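Computation of the quantities below employed the complete heavy-atom set of this structure, encompassing side-chain atoms and omitting hydrogens, waters and symmetry-equivalent molecules. Being a predicted model, the structure only gives us computed values, none of them experimental. Chain letters run A, B, ... following the sequence lines, proteins first and then strands; every chain starts at 1.
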Protein chains: 2
Amino acid sequence: MQQKNESRSNKARTEATRLALISAARRLFSEKGYAETSTPEIVTAAGVTRGALYHHFEDKLALFRAVVRQEYAAVADEITTAVGEQPGSALDALRDGSRGYLKAMSDKGRVRIMLLDGPAVLGQSELSQIDRETSADALRTGLSEAMDAGHIQRLPLEALTVQLSALFDRAALAVSEGDDPEDHLRILDAIFAALK
Amino acid sequence: MQQKNESRSNKARTEATRLALISAARRLFSEKGYAETSTPEIVTAAGVTRGALYHHFEDKLALFRAVVRQEYAAVADEITTAVGEQPGSALDALRDGSRGYLKAMSDKGRVRIMLLDGPAVLGQSELSQIDRETSADALRTGLSEAMDAGHIQRLPLEALTVQLSALFDRAALAVSEGDDPEDHLRILDAIFAALK
DNA sequence: GCGGTGACATACAGACTGTATGTATCATAG
DNA sequence: CTATGATACATACAGTCTGTATGTCACCGC
């Protein structure tokens, strides 16, 4: 029953506009990529003007950054729930986590944003920074504890985290291109088992 | 002693112009990335006009494609010579190959072109197609033979090739960001050994 | 040497990004 | 309750970029 031009508080206005922009941008970026999506398109889809966009975001890149952070957070959430609370064995956690990740990345648009445009547009350093703040941290601490407990061999922690992330990412990419997830999960499991 | 405006055959002209364009583009793409490099910049650096560029290449993307293919070919060459001729054990070949790859990718600009802009601009499918035509093929056949000889366990070949490539790529990326190559090589060796 | 083709050079149209400026609405001090 | 400032936009504009269309001149084969 709300009217379109009903008066709203500034905070609510801002929230609504930002949400509309991020949502529209996410859809367009995921469908056509960052470079092929124009700001006129985004604001039209969001039902606002370019003035609003440039009021809330410094530039197109800042909007993309917001979209990427949201995707990373969503994926981290899915993985966390997939792994569950009880510690279990380190290998079980890795297996559950990798399945949770592949499931979370079964959205092709998400793959494009996080694994293709993300690194190119934001740079690998900023992206791995975002990754560190979300999902990679869980992986690293999990590996660290597994090493301490002697469940897996002791290797350079940082490098190992990075490399395993690479396996997950490439698997997600390949699956999004039509590969069979089971094939890739078998490889992942074999490598995890081999770290014992 | 050659004069600038000396008359040349058409074939030589074309060759020289294409080379100048690809060379200038490679330098600029590697320094500033694809999106931030404009065609006016490229042609100025190459000493030609935009007319020449659009005469020899369908568009900016086609020029990028040519640069990418050249880089892939160069890397494949370096790996081939690093691995050497005599077969040796499959694990030795993997170890030599990974070292050769990391060395070939020690050029930060090359990493940017092949691992950051490449997938985003050309798409993962086209890029892995190029990869298949060059270095990845050697990896796959090597793995296949190693499996047949019983040197490594039998796993889905295509997926294994893709995943190992991912390890190499991410290691190269991390090293280009300042990581210690030795740390990553240790991980790679550990994983290779574990495939036995 | 001459018609044709290839290799450019120049001019132009359309689109896009970011900024500058104007305006209406909300928040708040008095 | 009103004046004043701040916030949230909307509109207009400048500069740049891409791709195309068109014109020119040198090479090439006959």
Is there a side-chain polar atom (N or O) of [X] under 4.0 Å from OP1 or OP2 of [N]?
X       : N     : value
B:Thr49 : C:dC8 : no
A:Thr14 : D:dA8 : yes
B:His56 : C:dC8 : yes
B:Thr17 : C:dC8 : yes

B:Lys60 NZ - D:dT20 C1' separation (whole Å):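 Roughly 17 Å, once rounded to whole Å.
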In whole angstrom, what separates B:Lys11's NZ from C:dA7's P?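 Atom-to-atom, B:Lys11 to C:dA7, this comes out as 10 Å.
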With a sphere of 6.0 Å drawn around CD of B:Glu15, does it hold more than 12 non-hydrogen atoms of other residues, nucleotides or ligands?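 No - once you tally the heavy atoms of other residues, nucleotides and ligands closer than 6.0 Å, there are 12 at most.
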Do other residues, nucleotides or ligands put more than 12 heavy atoms under 6.0 Å from A:Lys32 NZ?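 Counting neighbours around NZ of A:Lys32, more than 12 heavy atoms of other residues, nucleotides or ligands fall under 6.0 Å, so yes.
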Counting only side-chain heavy atoms from C-beta out, which of D:dT18, D:dC9, C:dA9 sits nearest to B:Ser38?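 Per side-chain heavy atoms of B:Ser38, the pick is D:dT18.
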Taking the side chain of B:His55 as its heavy atoms from C-beta onward, which of C:dA7, D:dT7, C:dA11 lies nearest to it?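 So the side chain of B:His55 is nearest to C:dA7.
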Can you label the angle between the A:Tyr34 ring and the A:Phe29 ring as parallel, tilted or perpendicular, going by 30° and 60°?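 Correct class here is tilted.
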Could a donor-acceptor pair under 3.5 angstrom be found where the side chain of B:Arg13 meets the base of C:dG6?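 No, the side chain and the base share no sub-3.5 Å donor-acceptor pair.
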